[in-house]
Amino acid sequence: MAADAAGLRRAAELLRQESVCAFPTETVYGLGAHAFSAKAIAEVYRLKHRPSWNPLIVHVASAADAEALAHEWPEAARLLAERFWPGPLSLVVERAHHLPASGGPATVAVRVPAHPVALALLRECGLPLAAPSANRSESISPTTAEHVIRSLPDVPLVLDGGPCRFGIESTVVDVTVSPPRLLRPGALSLRAIRDVVGALRLPGALDKGDARSPGLAHRHYAPRARLRLVDDPATLAEGADPGTVGILTHLPAVAEGAHVELLSADPLEYGADLYAALHRLDDAGVATILAQLPPEGDDWLAIHDRLTRASAS
Ligand code: AMP
Ligand code: MG
């Protein structure tokens, strides 16, 4: 449905009735639900087939609204929110005591999204919204309204806001500890975050080198085809039945053959098109996707992470 005034009104109505609706954010499309309605959240987990241990991020319209959900709002949260909100950064803080006990963690993850439709919807419904990616758990995240409808045909309403600008999930930072700790690399670069808070602790599995070892990361963001992360996809594809093998690369020299997705050598542009390219390769019906190892470096961390998880079996 068009994200016009009528669409926003209808979506807000569904959310107030403790139903769900999908909407665009600058990262990926989210499956929105009143974050503190047990009924609405159960519907999110049911539709996504999401394991119940995986916590949700609460989307709000302003930093003040986020702070109201926190028991404590540390200096790092204040600085990061001031610099990057609205934007693709989620902060994990201690949960305010007045929030319904969830039986989950004593923390809550909060974010102010930058997409105008997401912000308009938050204002229209006046509710804090959980909005995990609007796709079946483990599969490729949606970056267009059409991706959502294909993955979750039973969602009552999808607001169409066009393709997502970043196309990669938010960066998640835990600010309950000092120095803050990275929980998930994402659309906002580590360099940008370090510029504001100084040190940032990385989880072991994301340290350089480790990110490539299979088995460390659980399966997520995965296409139907088997994805292999390799140094030289062209050589591996030689001799294979071209109909069954797809290639994902940022190197123009490799871009020959039947199912080749040539992505940008710029990490922001690569990220914006990554999930759509995986959707296209799945649509082409290939059995294997040979994904070229992307360059090293902070700017490619989120892409390494997503490709590694997509390749886990
Ligand atoms: P998403 O699937 O984009 O909604 O993101 C959910 C992710 O946010 C989880 O998989 C965690 O990485 C992170 N997250 C959300 N809430 C918390 C929390 N309270 N503590 C730690 N990580 C969290
Ligand atoms: Mg997801």
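In each ligand, atom 1 is the first atom listed, and ligand 1 is the first ligand listed. Starting from 1, each residue takes its place in the sequence as its number.
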Quick one: which ligand 1 atoms are inside 4.0 Å of a heavy atom on Leu56? 15 (C), 16 (N)
Using a 4.0 Å cut-off to any heavy atom of Leu183, which atoms of ligand 1 qualify? 21 (C), 22 (N)
Tell me which protein heavy atom sits closest to [atom], plus the residue, atom name and distance to 0.1 Å.
atom                    : answer
atom 4 (O) of ligand 1  : Pro132 CA, 3.4 Å
atom 6 (C) of ligand 1  : Pro55 O, 3.3 Å
atom 2 (O) of ligand 1  : Arg50 NH1, 3.2 Å
atom 13 (C) of ligand 1 : Val172 CG1, 4.1 Å
atom 15 (C) of ligand 1 : Ala109 CB, 3.4 Å

Min over Arg184, Glu169, Arg111 of heavy-atom distance to atom 1 (P) of ligand 1 lands on Arg184
Select one of side chain, backbone, both or neither to describe which atoms of Thr107 lie under 4.0 Å from any atom of ligand 1, heavy atoms only. both
Which one holds for Asn54 and ligand 1: side chain close, backbone close, both close, or neither close, with close meaning a heavy atom under 4.0 Å? side chain
With a 4.5 Å limit on heavy-atom distance, are the side chains of Glu146 and Tyr29 in contact? no
With a sphere of 6.0 Å drawn around NE2 of His98, does it hold more than 12 non-hydrogen atoms of other residues, nucleotides or ligands? yes
Looking at ligand 1, does Lys48 have a heavy atom less than 4.0 Å from it? no
Under 30°, 30 to 60°, or over 60°: which ring-plane class applies to His147 and His279, parallel, tilted or perpendicular? parallel
Hey, is Lys39 close enough to Glu43 for a salt bridge, meaning N to O under 4.0 Å? no
N-O pairing of Arg150 and Asp283 below 4.0 Å: yes
Mark yes or no: Arg306 above the aromatic ring of Tyr221, with NZ or CZ under 6.0 Å from the six-membered ring centre and no more than 45 degrees from the axis. yes
Hey, is the Mg ion (ligand 2) within less than 2.8 Å of some N/O/S atom on Ser137? no
Between Leu15 and His34 the two heavy atoms that sit nearest each other are O-CB, 4.3 Å
Just by distance, no angles: are the side chains of Glu261 and Thr249 close enough, under 3.5 Å, to form a donor-acceptor pair? no
